[in-house]
Structure formats: structure tokens, C-alpha cells
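In each ligand, atom 1 is the first atom listed, and ligand 1 is the first ligand listed. Numbering of residues begins at 1 and proceeds along the displayed sequence. Values in this document were obtained by computation on a predicted structure and should not be read as measured data.
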Amino acid sequence: MRYLILSDLHANLQALDAVLADAATVGYDEILVLGDLVGYGGDPAPVIERTLALSSSWMIRGNHDKVCAGIESPVMFNDVARVAAEWTHEHLSSEHLAMLAQLPEGPMQVSPEVEICHGAPFDEDFYLFEESDAARAMASSDARICLFGHTHVPTLFAKADDPFGNQIGATDEYRLPATGPALINVGSVGQPRDRDPRAAYGVLDLDRQTILLKRVTYDIAGAQASIMAAGLPAWLALRLERGQ
Ligand code: ZN
């Protein structure tokens with residue numbers, strides 16, 4: 001079984017299309033969507049349509065999906081995120097808003113071995129950056145492989161003394177640790193924040209026991225033009241070329 005992992009798409013149609021085209025050459029059996037389909041980017045409706053067309057049975061919500069859908073207040077958002085969420089809410093159809101509102105909360109068990117969450121297994125909105133927090137996340141995970149997103153930074157955490165956990169920011173294929181839980185963030189499709197502007201995605205291969213962390217160049221100028229045409233804050237366009 002090979003799972004294509006998509007997280008933090010953020011209404012970036014150009015990045016999503018580039019990732020799907022690249023992933024088709026790699027190959028996969030099922031798709032896992034880890035939330036934040038919308039927010040920040042200028043093409044929320046096409047990104048929702050593309051994502052629905054993937055017919056993924058494994059899809060959870062992110063914090064931006066909740067706020068853009070109108071089911072959570074933007075009180076925790078900074079000004080730029082709030083402005084983008086309000087714009088997104090105003091420019092989506094009632095059907096698309098309902099779709100976002102119906103996305104389930106993580107964590108979601110995909111198989112006995114794999115679970116997905118947006119932030120952390122114990123809190124869907126938690127930013128999992130630190131090793132001390134990773135230990136807490138491992139203690140609360142029911143699966144050997146826990147896939148997460150939300151930070152937009154490719155990250156691998158495993159139990160202390162396992163070399164798997166020392167490859168943060170890597171962009172290649174790694175052998176999964178024999179024992180879990182391992183926490184894996186493949187990075188963000190639509191708004192990478194590790195200073196590498198290329199779109200990020202991953203493929204978890206349970207037959208070969210590997211995780212592939214891939215980066216793909218895409219039409220950043222096109223995504224930026226969409227953001228500016230929408231009248232969204234210019235920083236949202238600039239940060240895409242900086243990978244920030
Ligand atoms: Zn996000």
C-alpha cells in the first residue's frame with residue numbers, strides 16, 4: 001500500500017496541480033489529505049474541486065478550514081490570516097463552505113499502522129516543532145506511523161536513538177523505523193515555510209517500509225498573480241517565493 005500525503009494546500013492551485021502531476025509519475029494507491037485546503041491562497045474553489053475529485057476517503061480538517069467555513073472564530077489568527085480567511089469565506093459557495101464545515105476532526109485512524117492529524121494527535125491545532133512535544137505526541141498516538149501537518153515544515157520524529165528522527169528538513173526517501181510511533185510531516189503543498197519555495201508532498205510505502213519526501217517546482221508567479229488579483233495582502237504572494 002502506497003499513500004500519497006497532501007497537507008496544507010492553502011488554495012494554491014498551481015502548487016497542487018504540480019504535485020498531483022509529479023505524484024502520478026511516482027505512483028500511489030490511496031490519498032491522505034491532512035487539512036488546510038484553503039486560506040491564504042487565491043484559488044479556494046478550484047482547490048476544493050480538485051481535492052473532491054481525488055475521492056479520498058481519508059481527509060481531515062485544518063484550522064483554516066474551520067475558520068474559513070465560519071465554524072470557528074479567527075481570534076487566534078494574525079491579521080493577514082484573518083483577512084485571507086474572511087475573503088475566502090465571502091468567495092466560496094454555500095456548497096463549498098458546507099464541505100469544509102463537514103470535514104472531520106483528526107486524529108483519524110487510516111489503518112492499524114497509520115493515523116493522520118492536522119496538528120498533533122492530542123490537539124488538532126497544536127504546532128508540533130519541539131522534541132519535547134513530539135514525546136507527548138508519541139505517547140498519545142495509537143499508530144506506528146502518525147502523519148501530521150500544520151507547521152508547513154518537513155519533519156521526522158522517532159524515539160530517541162533512532163537515526164530516523166535526525167533528518168529534519170530532508171527531501172529524500174527514508175526507511176521507516178521498525179518500532180513506533182514515528183511522527184512524520186511531509187511539509188506543505190501550498191505554502192512551504194522551510195525556506196525552500198518548492199511544493200512539498202510525501203508518499204508512504206508500507207510494502208517497502210519507506211517514506212518519500214518530495215519537492216516540486218511549480219508556477220509560483222501564477223499563484224502570486226492569483227493572490228494579488230484577489231486583493232489579498234501582498235505578503236501572502238511574497239512569502240511563496242521565499243518559502244517562508
Ligand atoms: Zn496550514
Please answer whether the main-chain N or O of D125 pairs with a side-chain N or O of N63 as donor and acceptor at a distance below 3.5 Å. no
Please say whether the positively charged group of R136, taken as NZ for Lys or CZ for Arg, lies over the ring of F126, i.e. under 6.0 angstrom from the six-membered ring centre and within 45 degrees of the axis. yes
Kindly write out the residues that satisfy side chain to side chain donor-acceptor pair (under 3.5 Å) with Q109, not counting sequence neighbours, or none if the list is empty. none
So R61 and E124, do their side chains get closer than 4.5 Å, heavy atoms only? yes
Going by heavy atoms in the side chains, are V33 and W58 under 4.5 Å from each other? no
Just do the ring-ring contact (aromatic ring centres under 6.0 Å, His included) check on H64 and Y40 with the steps written out, would you? CA-CA 9 Å; H64 286 258; Y40 294 134; 4.5 Å; yes
Please report the number of protein N, O or S atoms that lie less than 2.8 Å from the Zn ion (ligand 1). 4
